[in-house]
Peer 1: 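I'd like to ask some things about the structure below.
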Amino acid sequence: MRTLMLAVSGIVACGPRVGPGTPDPDALVPFVDLNPDPDVVEVELVAEVAEWSIDGGPPSEVWAYRDAAGGGPATIPGPLLEVEPGQRMLVHFINELPMSTTVHFHGMRKPNAMDGTPATQLVVMPGDHFDYEFVVEDPGLFWYHPHVMTADQVAAGLYGPVRSGDTLGVEVDADRVLVLDDVRLVDGAIALEATEEELRSGRQGDVLLVNGRVPDEELRVGTRERWRILDAANARHFALTLAGASFTVIGGDSGPVAAPYPVDVLRLAPGDRLDVIVELPPGIRSSLRAEPVDRGFGLEPEPARTLLEVQVTPELQSRSPLPEALPALPLVGDPGGEPLQLVLSGGAAPDGSPVFYVNDEVWPFADAIPVALGDRERWEVVNQTDGSQPLHLHGLFYEVLDVDGVPPVHRGLEDTFPIPAGSTANLAVHYRAPGVWMFHSHLLEHGELGLMGALAVE
Ligand code: C2O
Ligand code: CU
């Protein structure tokens, strides 16, 4: 069974399958681990200007990551980093871009100095390098991306997945990582510059990508698979359906959920991850669809679109029952007391261009908020902008207590959660690690235009 699973999943296949015309959504290239020590994963990551074809047509210029030790070309998404909780990971990063950058491992807990933001390190200049090194704490799906000119650099193709921990005792036909994105094309190439409208409402491309490609072939799937899904888009919120399938959520931002639960629609905001068991009857064909999402800003929700066609191969079947409980991180709980209030709002600069604020301040012209290490605090986050703001917090997970007084159906820890326009969300945050931790809208254009802040945990 094991051999069959590996053969089907494709994730462990050797060598890059990245040439034009191979839009296999599974074709993520794993990093080559340079360190023979089983407790250490050591890789070489390069960011560079590269060529990439999203649809099998002629390649165009993008910014992308490459595994220097693996020797293959740069890919979108970047190489898959596979780690286990408890392992030390060491990423030797080299910047071959014409612009400074950093690498932030989104969602991974780590010492503050390794957080990869301009608040925690000097940016990595063109031609320069930086070593990221920390011990992996949690299982889950995480990702890496720049934290300098983040909106532009991520849109240009700089993002890659991190898969931590392989097994939860769930028997599956395949364990896939699906990284979702959208791009706007100008003359067949990814538009690297945002328009005025995209600054106002976030870049939302007209072409949908699964693992960096427009899938043009049916994906052959088993009757039970594990899909770890990441929304790496700058602004697009996804609501995914797959007719005939049943989805069971087994994990989210912070790794496994305490009690797996069924859902009909998989919802992801930018930066979000979901870990899902997908079960399908043998023999059917179906399509993974992106359903309309109203994320505000006066945008007309797009009609439903097909992301991926699937065909269920009848001979692959797993029958062991799904677990009822999983080892989740403990919740924070309501800390009580006076909340820390954050008001998110938008406006216009004197020249009319959009600006965004946290408590009327525009990052980077705001001070870090001092808080005490070890404390738990409630955050009352009021979204006064015209659209959904996926609020991301570095280094610390938070629990969503309620949105407009309504508690979530399934409790869990998040690092990114979309706060709807006009809503107030109460979050519980545990200041468990010292340092300067950034928080911002993962609607990356708005983060870049000021909707960002930092906590000084000391
Ligand atoms: Cu995904 Cu501050 O980042
Ligand atoms: Cu992050």
Side-chain angles (χ1 to χ4, degrees), residues 47 65 77-78 81 89 91 100-121 123-124 132 134 136-138 140-162 164 179-181 202-203 229-238 252-255 268-274 342 344 356 358 363-364 366 368-369 381 389-398 413-419 427 429 432-433 435-457:
Y65 289 117
L81 182 58
M89 63 177 241
V91 177
S100 62
T101 189
T102 58
V103 184
H104 167 60
F105 293 87
H106 177 131
M108 301 186 85
R109 299 196 281 177
K110 52 186 120 51
N112 192 243
M114 291 291 126
D115 199 36
T117 78
T120 59
Q121 68 170 96
V123 297
V124 187
Y132 294 93
F134 56 90
V136 177
E137 286 199 44
D138 303 303
L141 179 66
F142 306 104
W143 60 306
Y144 57 96
H145 63 72
H147 226 281
V148 174
M149 303 284 288
T150 314
D152 290 346
Q153 294 196 5
V154 171
L158 290 168
Y159 58 81
V162 180
S164 172
V179 182
L180 310 183
D181 192 9
R203 280 182 177 85
I229 311 173
L230 156 67
D231 181 354
N234 281 44
R236 181 179 290 274
H237 292 40
F238 284 96
D253 288 356
S254 64
L268 295 108
D272 261 342
R273 286 90 64 208
L274 276 180
L342 298 178
L344 319 180
F356 292 87
V358 178
W363 189 263
I369 302 168
V381 188
Q389 297 291 354
L391 186 74
H392 174 48
L393 173 60
H394 285 215
L396 314 160
F397 294 116
Y398 58 81
L413 296 183
E414 314 276 347
D415 62 54
T416 314
F417 180 85
I419 302 174
L427 316 177
V429 188
R432 63 177 287 284
V436 180
W437 301 110
M438 311 213 64
F439 60 85
H440 56 88
S441 175
H442 227 286
L443 195 165
L444 293 175
E445 285 70 26
H446 291 186
E448 214 60 52
L449 292 170
L451 212 168
M452 181 154 351
L455 286 179
V457 183

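Remember, it's 1-based here, ligands and their atoms both numbered in the order they're listed.
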Peer 1: Can you check whether Trp437 reaches Asn112 side chain to side chain, under 4.5 Å on heavy atoms?
Peer 2: yes

Peer 1: Using the ring centroid of each side chain, check whether His442 and Trp143 are separated by less than 6.0 Å.
Peer 2: yes

Peer 1: Could you state the interatomic distance from OG1 (Thr416) to CG (Leu230), rounded to the nearest 0.5 Å?
Peer 2: 9.5 Å

Peer 1: Please check this pair: side chain of Thr102 against backbone of His147, looking for a donor-acceptor N/O pair closer than 3.5 Å.
Peer 2: yes

Peer 1: What protein atoms of element N, O or S are positioned under 2.8 Å from atom 2 (Cu) of ligand 1?
Peer 2: His147 NE2, His394 NE2, His440 NE2

Peer 1: Are the side chain of Arg273 and the backbone of Gly271 linked by a donor-acceptor contact shorter than 3.5 Å?
Peer 2: yes

Peer 1: Is the backbone of Leu444 close enough, under 3.5 Å, to the side chain of Asn234 for a donor and an acceptor to pair up by distance?
Peer 2: no

Peer 1: Please check if the side chain of Lys110 supplies one atom and the backbone of Tyr132 the other of a donor-acceptor pair under 3.5 Å.
Peer 2: no

Peer 1: Among Asp415, Asp253, Asp115, whose side chain to side chain donor-acceptor pair (under 3.5 Å) with His106 holds?
Peer 2: Asp415

Peer 1: Could you tell me whether Phe417 and Tyr398 have their ring centroids closer than 6.0 angstrom?
Peer 2: no

Peer 1: Which protein N, O or S atoms lie under 2.8 Å from the Cu ion (ligand 2)?
Peer 2: His104 NE2, His392 NE2

